[in-house]
Amino acid sequence: MNMIEVTHLGKKFDDITAVDDISFNVVKGEIFAFLGPNGAGKTTTIKMFTTLLQPTSGSILVNGFDPATQPNDVRRSFGIIFQDPSLDDELTAFENLEFHGVLYDVPKKIRRARINELLQLVELEKRRDDLVKEFSGGMKRRLEIARGLLHHPQIIFLDEPTLGLDPQTRNHLWNYIKDMNQKEGITVFFSTHYMEEADRMADRIAIIDNGEIVAEGTAQLLKEQTASATLEDAFLKLTGKAIREEGAKGIDKLRTMRHVWKR
Amino acid sequence: MEKITQYAKVIYILWLRQLKRYSRSRARMIGSLAQPVLFLVALGFGFGPIYQKAGGGNYIQFIAPGIIAMSIIFTAMFNGIEVIYDRQFGFLKETLVAPVPRWTIMLGRTFGGATVATLQGMVVFCIALLVGFRPESVLMLPVALVFMALIAFFFTAFGTAIASRMEDMQAFPLIINFLIMPLFFLSGALFPLNGLPKTVQTIIYANPLSYGVDGIRGALSTQMHFTFRLDFLVLLAFTALALALGSYLFSKIEV
Ligand SMILES: Nc1ncnc2c1ncn2[C@@H]1O[C@H](COP(=O)(O)OP(=O)(O)O)[C@@H](O)[C@H]1O
Ligand SMILES: [Mg+2]
């Protein structure tokens with residue numbers, strides 16, 4: 001059973017082709033990595049999955065629903081942790097979660113318990129009633145993760161979820177996601193440009209570059225196909241470049257992002 | 001039925017958010033009161049004697065309803081335009097992926113923004129009392145409140161509609177100078193509508209704010225150009241239109 005089915009999906013912004021005729025499936029219950037450098041089209045694809053952008057061509061099914069014609073069925077199915085900030089800074093941590101719970105119609109009793117449980121999980125229970133604008137980048141990220149999981153989605157989209165998080169928080173987060181995946185069977189779709197994260201965490205990987213999917217399969221398969229010892233090597237052979245060789249601008253942006261998250 | 005309760009909850013939580021944001025921002029509250037106070041004092045005391053000499057009566061009595069309307073349209077418009085802030089700071093995405101029709105989000109925002117703007121109008125009303133304004137009849141205060149709320153609704157929805165098509169704040173000064181200012185000055189807020197040149201009068205008659213100002217003034221000081229019924233119907237029609245347009249444009253937002 002497929003949680004996501006993508007057929008000949010494309011997205012153009014004026015003359016830029018951000019996503020170029022991609023097709024693949026994500027199986028229910030798996031952890032799927034979307035691996036590619038900055039500007040590859042990862043965020044654009046996730047936005048099309050999550051009803052934020054209309055595709056220029058092709059079709060999508062998420063949990064059996066079409067984002068274009070059944071947006072609310074699709075929205076009920078997923079949780080998302082966006083790449084960029086998406087909290088209300090003028091509200092407290094609790095209020096942000098409460099707001100989300102109401103939007104997703106989580107009954108009040110369950111909502112309160114769930115919020116407490118998640119705040120504990122992301123170690124923010126002591127900051128529950130503080131305004132988000134006082135939070136560090138890492139704390140905001142953790143709060144967003146708690147929010148994305150609040151309504152027990154069937155699939156969770158994580159757009160570069162660990163970008164700039166310190167190794168400890170990163171491990172912690174992945175442990176929890178793995179746990180959710182195993183215990184609750186939640187499907188996980190994450191984008192990343194960290195090789196090692198895709199290699200270690202994902203059941204299957206799609207490598208995207210310049211809006212095109214250049215390879216897809218288990219890390220093992222990708223290595224075998226390219227006769228490489230590491231995923232890094234496989235990536236190099238498939239795309240003709242190392243993932244770090246992105247435009248200088250991209251690298252700068254990453255650096256500043258990381259700087260922000262670490263504060 | 002279940003759906004309707006859910007929509008009501010969504011509208012409520014968005015309304016609540018607007019109110020919380022407003023009540024937490026002292027700077028915003030004080031900043032948005034400075035202008036009406038300045039207008040009341042400067043125009044009321046500055047033009048008062050001239051107006052009286054020209055046989056118009058007490059200018060504070062005349063102008064206070066106009067200044068109340070002014071504070072409402074500015075606050076309402078800013079609240080509508082807050083969509084752009086939410087887009088820039090990212091929170092808009094959270095509401096756009098919520099599993100409810102986008103019009104419920106838009107309506108909740110508008111309710112919140114309009115409530116804040118109406119409250120603001122009430123504060124300005126109290127300030128007007130302090131500088132000598134006296135409403136004709138206490139019984140008519142609820143009528144004034146209805147018109148204040150309608151203006152607030154119209155302009156919040158209108159602001160939301162415009163902001164839904166804007167990516168950043170760059171067009172903001174344009175909106176203030178080429179939309180809000182003319183709407184305010186050509187609404188009868190500052191001068192009576194009698195004996196004006198034909199073109200000016202035509203513009204004023206096409207301006208929804210004219211009917212709002214007239215309604216508030218009629219309720220607070222009995223000076224009226226149109227009738228309550230006309231004021232109410234015109235403003236209601238404009239508000240419905242702005243809500244429909246705003247909902248449509250808001251539902252088409254891509255981020
Ligand atoms: N709203 C937009 N308008 C124009 N170009 C865009 C827009 N969003 C993304 N792009 C472009 O589409 C390409 C893919 O971007 P994105 O999906 O953000 O990549 P990634 O998430 O993999 O870093 C980039 O070239 C980017 O500049
Ligand atoms: Mg991205």
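Chain letters run A, B, ... following the sequence lines, proteins first and then strands; every chain starts at 1.
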Segment of [X] engaging chain B (4.5 angstrom heavy-atom cut-off):
X	result
Tyr104(A)	both
His100(A)	both
Gln54(A)	both
Leu53(A)	both

Residue among Thr104(B), Leu14(B), Leu16(B), Leu92(B) with most heavy-atom pairs under 4.5 Å to chain A: Leu14(B)
Most chain A-contacting option - heavy-atom pairs closer than 4.5 Å, from Thr5(B), Ile253(B), Val100(B): Val100(B)
Geometric cation-pi criterion Lys252(B) and Phe250(B), 6.0 Å radius, 45° cone: no
Ring-face cation contact, Tyr194(A) with Arg170(A), 6.0 Å cut, 45° max: yes
Could [X] and [Y] be called an ion pair, given the rule that one side-chain N must be under 4.0 Å from one carboxylate O?
X	Y	result
Asp105(A)	Arg76(A)	no
Asp20(A)	Lys12(A)	no
Arg142(A)	Glu123(A)	no

Contact summary for Ile22(A) and Gly211(A), nearest pair of heavy atoms: CG2-O, 3.4 Å
Shortest non-hydrogen contact from Gly212(B) toward Leu235(B): CA-CD2, 3.6 Å
Residue part contacting chain A, namely of [X], when any heavy atom lies under 4.5 Å:
X	value
Arg102(B)	side chain
Ile105(B)	side chain
Lys93(B)	both

Side chain to side chain donor-acceptor pair (under 3.5 Å) between Gln154(A) and Thr187(A), intermediate numbers included: CA-CA 6 Å; Gln154(A) 287 177 266; Thr187(A) 310; over 6 Å; no
Aromatic plane relationship, Phe153(B) with Phe111(B) - under 30° parallel, 30 to 60° tilted, over 60° perpendicular: perpendicular
Geometric class of the Phe24(A)/Phe32(A) ring pair [parallel <30°, tilted 30-60°, perpendicular >60°]: parallel
Interface residues of residues 108-122 of chain A facing chain B - non-hydrogen atoms under 4.5 Å apart: none
Among Glu98(A), Glu95(A), Lys47(A), residue most engaged with chain B (heavy-atom pairs, under 4.5 Å): Glu95(A)
Options Val74(A), Leu52(A), Leu87(A), ranked by heavy-atom pairs under 4.5 Å with chain B, top entry: Leu52(A)
Side chain to side chain donor-acceptor pair (under 3.5 Å) assessment of Thr110(B) paired with Thr156(B): CA-CA 6 Å; Thr110(B) 308; Thr156(B) 311; over 6 Å; no
